[in-house]
Number of protein chains: 2
Amino acid sequence: MGRPEQKEQTRRRLIDAALALSAAQGFGALSLREIARESGITATGFYRHFRDLDELGLVLVDEVALTLRQLIREARSRFREQGGRTRASVEAFMDYAHQKPHLFRLLLGERLGGSTAFRTALRKEIDRFVAELSDDLEAQARAAKQPTADIPFAAEAIVAIVFSVGAEVLELPRHRHQGLADRIIKEVHLVLKGAGFPLARARKR
Amino acid sequence: MGRPEQKEQTRRRLIDAALALSAAQGFGALSLREIARESGITATGFYRHFRDLDELGLVLVDEVALTLRQLIREARSRFREQGGRTRASVEAFMDYAHQKPHLFRLLLGERLGGSTAFRTALRKEIDRFVAELSDDLEAQARAAKQPTADIPFAAEAIVAIVFSVGAEVLELPRHRHQGLADRIIKEVHLVLKGAGFPLARARKR
DNA sequence: TCTCACAGTGTACAGTCGTGCACTCAAAAT
DNA sequence: ATTTTGAGTGCACGACTGTACACTGTGAGA
């Protein structure tokens, strides 16, 4: 393994350690030494990768943003391929949350809590998320000649629901995920119905 | 001023200082000394009031819970007295959030972020909040002979929306509050409509 | 009036923190 | 083969942390 790859690997360990540790008390409670220790390097070695903790923080936000964009791309493709589109999207969300719990913990926690820098950065990403959902819904509504006036509001409401209720996935054992997904889907359907989407009969599981 | 009142006053300063300071980086990032300093007493004096920081934390959660219960009582009474019930409740929420920004910052931040203890404590309170909203809606639906099956889901969705979108009130200048309230009301109405509530024509402002 | 209780002080100590500096030593460049 | 680079080390420093201990001064009860 070459030198750049070695460096990259250490860098990843730092990032992952920061994510894992921030789950306990929030990112704001982390210390540089703690992260370095967890990553198996000296405290001073930290500076070969980041200027300070804030810079690491920005990288974490980018990481969250990236995952969020992958998520919406995934949800969109599932969205087109099959019926039960809400279900497909919600399940995509839950898959991601379950795959990268640390990232989602950071996203959910720092969005409303953390420092100002964190909040504005994350808000930007979630606004993008809302905008894309809004576009998808609008395209669908136009195709079916339904009114589109309520759609931006519906999109924002849906994202609020999915993030807030969906946060539970992080503390639920796997076998209860399905029930949680059903609940979210039910709630999203209420919003869609309120916004004028005629829903196919909800399928029982 | 008697001695017990003196003590109580110092205790309040500690609590308020903890709230104010936790706004910056989250409660997990606070130090005992920092709080004591901000309150104008010595670090060791802290122990006359709380065993440690965790105990202070529990008190803060109680404080949040109390405010939340006052809020719902207020919302309920406004709810009964006038038309535009959603508006009345949402405005009650925003008043409280604006009145006690530190408490709401804590609520929003630690609900999904903070430590496990915080999360479970706050979840309990919010579940109560959802249950009471659900009761109110159900009573209303029953009186109007509407179906009630969707109501628990609608209540959960509404609370998710109000807390998530409503969080913005903490970073918005006062003159934009009205616009934010309108947005939340619009979104809540979507849910209510979806759950089968016939809405009076939304009033323009 | 005297005495106790106790909120708040001041000092001390061991541990952790962020960071500066001089270092090693292996991979890459010459 | 020799030199250069830079990831990671080790030590030192002053600042800050939580907490133990002995203290002071004042309000309240005897």
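Below, read A as the first sequence line, B as the second, and so on, with proteins coming before strands; counting in each chain starts at 1.
Within the nucleic acid shown, B/T44 comes within 4.0 Å of at least one base atom, counting heavy atoms only. Counting any heavy atom pair closer than 4.0 Å across all strands shown, B/R51 reaches no nucleic acid atom. Across all strands shown, A/R37 has heavy atoms under 4.0 Å from sugar-phosphate atoms exclusively, and none from any base. In this structure, B/Y47 reaches the bases: a heavy-atom distance under 4.0 Å links it to at least one base atom across the strands shown.
A salt bridge links B/E168 with B/R183: the distance from a Lys NZ or Arg NE/NH1/NH2 to an Asp or Glu carboxylate oxygen falls below 4.0 Å. For the pair B/K100 and B/E63, the salt-bridge criterion is not met [side-chain N within less than 4.0 Å of a carboxylate O]. Remark: B/R12 does not engage B/E8 in a salt bridge, criterion side-chain N to carboxylate O under 4.0 Å.
Rounded to whole Å, the distance from CD on A/Q25 to P on C/dT16 is 17 Å. Atom P of nucleotide D/dA7 and atom CZ of A/R11 are separated by 12 Å, given to the nearest angstrom. When rounded to the nearest whole Å, the span between CZ of A/F50 and C1' of D/dA7 equals 14 Å. If you measure from atom CD of A/E5 to atom P of D/dA7, you get 13 Å, rounded to the nearest angstrom. Separating the NZ atom of B/K7 from the P atom of C/dA7 is a distance of 4 Å, rounded to the nearest angstrom. Protein atom CZ of B/F46 is 17 Å distant from nucleotide atom C1' of C/dT9, rounded to whole Å. The CG-C1' distance, from B/L53 to D/dG18, rounds to 9 Å in whole Å. Rounded to whole Å, the distance from CG on B/L56 to P on D/dT19 is 13 Å.
Of the candidates D/dT9, C/dG8, C/dT19, the closest approach to any side-chain atom of A/L32 belongs to C/dT19. Out of D/dT19, C/dT19, C/dA26, the shortest distance to the side chain of A/R33 is found at C/dT19. Considering only side-chain atoms of A/R3, the nucleotide from D/dG8, C/dA27, C/dC17 that sits closest is C/dA27. Taking the side chain of A/T10 as heavy atoms from C-beta on, and the options C/dG18, D/dG8, D/dA7, the nearest nucleotide is D/dG8.
Counting atom types as modelled, A/R48 pairs a side-chain N or O with a base atom of D/dG8 as donor and acceptor under 3.5 Å.
Ring pair B/F129/B/F163: centre-to-centre distance below 6.0 Å.
Residues A/P4 and A/S31 both approach DNA chain C. Their nearest nucleotides, taken by heavy-atom distance, put A/S31 toward the 5′ side. Projected onto DNA chain D by closest heavy-atom contact, A/T42 and B/E34 fall at different nucleotides, the more 5' of which corresponds to A/T42.
Inter-residue side-chain proximity for A/L32 and A/L56 is flagged as unmet; no heavy-atom pair is nearer than 4.5 Å.
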